[in-house]
Amino acid sequence: MAQEKKRLGKKHRLAQTRPHKGVTPKGAKASATSVGGASPKGRKTVSAKKEAAFTKSKVRTQSPTRVKGKAVTGAQMAGGAQPAEKAPTNRPVRGSRGMGGDEGVRSRVNIASLSDPETENAFAAMLPLIEDVQRPSDSIAAPLFAICGRPNVGKSTIFNRLTGTRRSIVGDEPGITRDRIYGEVEFDGRLLRIVDTGGVVPDDEALIPSEIFRQARIALEEAEAIVQVVDGRAELTQPDIELARILLKSGKPIFLAVNKMDTEKISTDAENFRQLGFKQVFPVSGEHGLGMGDLLEAVSAALPMVEEEEVEDLGDIYVEEVEETDETKRERKLRSHGEHISKETRVAIIGRPNVGKSTLLNALTGTGRAIVSPIAGTTRDAVDEVVMRNDHSFRFVDTAGIRRKGKTTLMAEKLSVIMARKHLEAADVALLIIDATEGVTGLDANIGGYAHESGRSVIIVVNKWDEVTTGRMRPDGKDDYEDGKAPADIKAYTEQVRDALKYLDYAPLLFISAKDGINVEEVFKKVQLVARERRKRVTTGQMNRFLDTVEFEKAGVPYNKRLRIYYMTQAAVAPPTFVLFTDRDVKLHFSYERFLENQIRASFKFIGSPIWFKVRARNKKKEEK
């Protein structure tokens, strides 16, 4: 019987297998890339080379359409033109997928789940890193000037440059902008309003181009100065000449902006466009910001001055009112997000394509603000309008129809979906529109989940209700219906919607017909209700008295997931957020959270708003010490 070999310890086993310095392991050839076979002097060099090769393999090469981290549009690269900046390098871009280093931006990029680099680069240039979606405009009296031109000449790029935002979607595809987009420009101490219009083709009789022309005419009529934009790298076209003829007849101050003049060498070519009949011609570059100061200076001089209201000098009384004491500083620090005097309520209209979002916006505002057509995906840029009701301001934002990633092929469609999600996150209340003729679909449930997870208050609006009830009646006035079926029952339909959207059981439900204006006024009442409930605060004393009445034994929580709640307080509003001080620092079980939420709603309502919970262990700091 062979003698058993003595088992070595871990330290000795490693010592036997570890190659000695300067010695090549058995069965291997000495090479420059083998650290074990290299000499002690060359080990540091070999390790540095391997680390450099690994780092190089992990660096993502920038797309040719990016220069110094900025996107270059296809229009800028057209015709063999070269950008003014240096050639792109292989320097890694900060942040997730080369979209900046801001944490909030990275989270939005992950939600969007973009896959192709072209869309990522365009989205990186489109999405603002710090600014809000849109600055609320309380200066309606500021003078307005309009930007117009044929499709794909760079109007939206100039609009974004002047406003300092990424409000309008920019891309290589012609006809991306369709509705009117408003913004604000600050120049030389003045505040000016600007409106971006869609590409104008006067003789096009197709539905969407004719609607774009109608929206542009409205903007040109209300504007006090007009800037026509032409492509400086292309020849004059018939739409340019026809639009110039229309503008010159208006009698308003007209300016010609020859866009895409990215270098001084080609800026002299702008003089060739004086044949349109314009006296003031400005070579500009919306992509690089060249010539914008001269253009704004001329436009500002042509716009009328608005007299500012005189402010009464209150002397010492005024100083005492604005002086901030230690108590007011403490109060401001303790004030939670969303808990302030809201001058307006932002309402995002969301839903699948072609469910009637733009029709509802027109019905709420009483205007033809948004383009309406039976073609799905008509709305691309978010269209907003302010409405006053009962001394309260409502800003309704019509977003693009959200569809699945696999259903979006054009870059403009992908960007419009991302912008819709972005405008939803900036809103207070979300109107989830459902098509009554199709019922609740899986995509409706996903879109509602976006609003629920982002903390927006939600109102479920079932549109086209007339098409399943009175709209199917016979034209001769008889009681029976054309298809021989009974009208939809509102009670049964409500049960179906609640069953499909169980996580939105707190959201009010409305049945309307935006086309005929049926029950549209109820939307204002519900929005005002959920906006008030969203900012409601419950005192700590009320919460403690509430806890004494809750029977947590009925929660149905596993024994190892149970917590002992010492007390609970509301830490924030919009949405209502409650902090639970417990005996253990564990995540709240979903059934426990659902039970507690139902008990809170039974006592304090919070209609239409989600409720968030945070757990804080009472003895956590003692355990860490």
Item to check | Separation between CG of L276 and CG of L248, rounded to the nearest 0.5 Å | outcome: 8.0 Å

Checklist entry - Taking atom types as modelled, is there a side-chain donor on T345 or D428 under 3.5 Å from an acceptor on the other? => result no

Checklist entry - Atom CD in E224, atom CD in E222: separation rounded to 0.5 Å? => result 9.5 Å

Checklist entry - Less than 4.0 Å between a side-chain N and a carboxylate O, is that true for E184 and R193? => result no

Item to check | Shortest non-hydrogen contact between A219 and A146, atoms and distance | outcome: O-CB, 4.2 Å

Checklist entry - Please walk me through it: do I447 and R352 pass side chain to side chain contact (heavy atoms under 4.5 Å, CB included)? => result CA-CA 8 Å; I447 297 172; R352 318 186 265 113; 4.2 Å; yes

Report, one line per pair, each donor and acceptor closer than 3.5 Å where one atom sits in a side chain of residues 515-524; sequence neighbours left out.
unit_1, atom_1, unit_2, atom_2, d
N519, ND2, F511, O, 3.0
E521, OE2, R389, NH2, 3.2

Checklist entry - Can you find a heavy atom in the side chain of V462 that is under 4.5 Å from one in the side chain of I512? => result no

Checklist entry - Should K357 and D398 count as an ion pair when the cut-off is N to O under 4.0 Å? => result no

Next on the checklist: What I'd like to find out is whether the side chain of S609 reaches to under 4.5 Å of the side chain of E533, using heavy atoms alone.
Outcome noted: no

Item to check | No-hydrogen, no-angle side-chain donor-acceptor test under 3.5 Å, N362 and T359 | outcome: no

Item to check | Side-chain (R532) to main-chain (V530) donor-acceptor, under 3.5 angstrom | outcome: no

Checklist outcome for this item: Heavy-atom closest pair (F255 atom, A298 atom, distance to 0.1 Å) is CZ-O, 3.6 Å

Checklist entry - Nearest heavy-atom pair of F145 and L296: which atoms, and what distance? => result CZ-CD2, 4.2 Å

Item to check | Option passing side-chain contact (heavy atoms from CB on, under 4.5 Å) with Y182 (candidates T163, V195, I194) | outcome: V195

Item to check | Check against side chain to side chain contact (heavy atoms under 4.5 Å, CB included), L192 and L303 | outcome: CA-CA 9 Å; L192 311 176; L303 291 173; 3.8 Å; yes

Checklist entry - CG of L431 to NZ of K526: how many Å apart, nearest 0.5 Å? => result 12.5 Å

Item to check | 4.5 Å side-chain heavy-atom contact, D188 and S300 | outcome: no

Checklist entry - Once you round to the nearest 0.5 Å, how far does CZ of R421 lie from CD1 of I350? => result 9.5 Å

Checklist entry - Do the non-hydrogen side-chain atoms of R180 and D196 ever get within less than 4.5 Å of each other? => result no

Next on the checklist: Between V258 and L256, does the side chain to side chain contact (heavy atoms under 4.5 Å, CB included) criterion hold? Intermediate values first, please.
Outcome noted: CA-CA 6 Å; V258 185; L256 181 65; 4.3 Å; yes

Checklist entry - Do you know the tightest heavy-atom contact between N354 and K464? => result O-NZ, 3.2 Å

Next on the checklist: Please find the pair of heavy atoms, one from M292 and one from G286, that lie closest to each other, and give the distance.
Outcome noted: CE-CA, 3.5 Å

Checklist entry - Do R245 and E242 meet the salt-bridge criterion of a basic N to acidic O distance under 4.0 Å? => result no

Checklist entry - Judged by atom type as modelled, is there a donor-acceptor pair below 3.5 Å linking the side chain of T399 to the main-chain atoms of I349? => result yes

Item to check | N463 side chain vs A514 backbone, donor-acceptor pair below 3.5 Å | outcome: yes

Checklist entry - Considering all heavy atoms of both residues, which atom of L432 and which atom of G448 are nearest to each other, and what is their separation? => result CD2-CA, 3.9 Å

Checklist entry - Is the shortest heavy-atom distance from the side chain of V153 to the side chain of N259 under 4.5 Å? => result no

Checklist entry - Side chains of D231 and R150: closer than 4.5 Å at any heavy-atom pair? => result yes

Checklist entry - Do L236 and Q275 come close enough that some side-chain heavy atom pair is under 4.5 Å? => result yes

Checklist entry - Should K422 and E425 be marked as a salt bridge (charged side-chain N to carboxylate O under 4.0 Å, His left out) after you check the CA-CA gap, both sets of side-chain angles, and the distance that decides it? => result CA-CA 5 Å; K422 187 165 174 286; E425 294 175 359; over 6 Å; no

Checklist outcome for this item: Separation between CD (Q238) and CG (D240), nearest 0.5 Å, reads 9.5 Å

Next on the checklist: Between R395 and V347 (side chain of the first, backbone of the second, donor and acceptor by atom type, cut-off under 3.5 Å), is there such a pair?
Outcome noted: no

Item to check | D262/R233 salt bridge by N-O under 4.0 Å criterion | outcome: yes

Item to check | Side-chain donor/acceptor of R274 to backbone N/O of K279, under 3.5 Å | outcome: yes

Checklist entry - Checking side chain to side chain contact (heavy atoms under 4.5 Å, CB included) for the pair L360/I433: CA distance, chi angles, key distance, verdict? => result CA-CA 9 Å; L360 178 59; I433 312 299; 3.5 Å; yes

Item to check | Gap separating the OG1 atom of T197 from the CZ atom of F159, nearest 0.5 angstrom | outcome: 10.5 Å

Next on the checklist: With heavy-atom distances below 4.5 Å as the criterion, would you say the side chains of C148 and L247 are in contact?
Outcome noted: yes

Checklist entry - Should the pair F394 and F396 be assigned to parallel (<30°), tilted (30 to 60°) or perpendicular (>60°) ring geometry? => result parallel

Item to check | Donor-acceptor under 3.5 Å (K252 side chain, L220 main chain) | outcome: yes

